[in-house]
Amino acid sequence: METEISGVVSRKRAVATLTNSNDTLGISEIRKALFASQGMLILISAMFIIVFDHTRSLSKWYHFHIIHVLQGAGIGLLFVLLQAAVEQWLPNHWLDDGGINKQLIHAFRLPELMVVMLGVACIEETLFRGILQSIIGFWAANVILH
């Protein structure tokens with residue numbers, strides 16, 4: 001009986017150890033996953049450009065007016081404040097992402113992270129705001145995003 005109990009305990013420890021060791025991805029896996037996902041979004045964007053909107057140049061999708069920059073900055077600040085309020089008032093377990101954001105941030109040095117995040121922002125904004133929004137409209141594109 002005692003050996004059965006110790007065997008069960010040993011198996012539980014082994015399962016717990018395996019579970020805990022698989023919770024975090026390695027730096028190379030995180031980097032590969034990020035680059036693969038962004039590469040797929042670039043390919044999807046290229047496909048949409050070729051199929052739906054090959055007559056317009058990318059430069060026509062981006063119009064920089066100071067009022068738009070100020071509006072975007074204001075809305076961005078509003079969302080930062082809203083996120084801070086949510087983190088303050090909601091229980092931590094509701095906001096837990098399993099640590100993937102921390103792992104992603106630690107997978108890159110700061111200069112690399114800044115370049116990667118700029119690239120991610122440009123790729124995703126080109127697909128969702130530049131391409132999908134111009135093809136299917138503002139409201140339909142926002143339904144897809146949420």
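All values reported here derive from a predicted model rather than from experimental measurement. Start at 1 with the first residue, then count along the sequence.
Leu43 and Val51 fall into different hydrophobic clusters, where Ile, Leu, Val, Met, Phe, Trp and Tyr residues are linked whenever their side-chain heavy atoms come under 4.5 Å apart, directly or through other members. Ile100 and Val120 fall within the same hydrophobic cluster, where Ile, Leu, Val, Met, Phe, Trp and Tyr residues are linked whenever their side-chain heavy atoms come under 4.5 Å apart, directly or through other members. A continuous path of hydrophobic side-chain contacts links Leu132 to Ile44 [ILVMFWY only; heavy atoms under 4.5 Å].
Between Ile131 atom CD1 and Ile49 atom CD1 the span is 4.0 Å, to the nearest 0.5 Å. Expressed to the nearest 0.5 Å, how far CG of Leu127 lies from CZ of Phe48 amounts to 6.5 Å.
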I'd like a table of donor-acceptor pairs (distance under 3.5 Å, sequence neighbours excluded) in which one partner is a side-chain atom from residues 71-93, with atom names and distances.
residue, atom, partner, partner atom, Å
Gln83, NE2, Glu87, OE2, 2.9

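Applying the salt bridge (charged side-chain N to carboxylate O under 4.0 Å, His left out) test to every pair with at least one member in residues 66-75, sequence neighbours left out, gives no pairs at all. Legend: side chain to side chain donor-acceptor pair (under 3.5 Å) pairs involving residues 36-52, not counting sequence neighbours, sorted by first then second residue: Gln38-Glu124.
In this structure Glu112 satisfies the side-chain hydrogen bond (donor to acceptor under 3.5 Å, both in side chains) test together with Arg109, sequence neighbours excluded. Not counting sequence neighbours, the partners of Ile42 by the side chain to side chain contact (heavy atoms under 4.5 Å, CB included) test are Ile123. Taking Ile105 as the reference, Leu113 meet the side chain to side chain contact (heavy atoms under 4.5 Å, CB included) condition, with sequence neighbours excluded. Here Glu29 pairs with nothing under the side-chain hydrogen bond (donor to acceptor under 3.5 Å, both in side chains) rule; sequence neighbours left out. Here Leu104 pairs with Ile30, Leu34, Phe108, Met117 under the side chain to side chain contact (heavy atoms under 4.5 Å, CB included) rule; sequence neighbours left out.
Here Met114 is tied into one hydrophobic group with Leu110, each link being a pair of ILVMFWY side chains closer than 4.5 Å.
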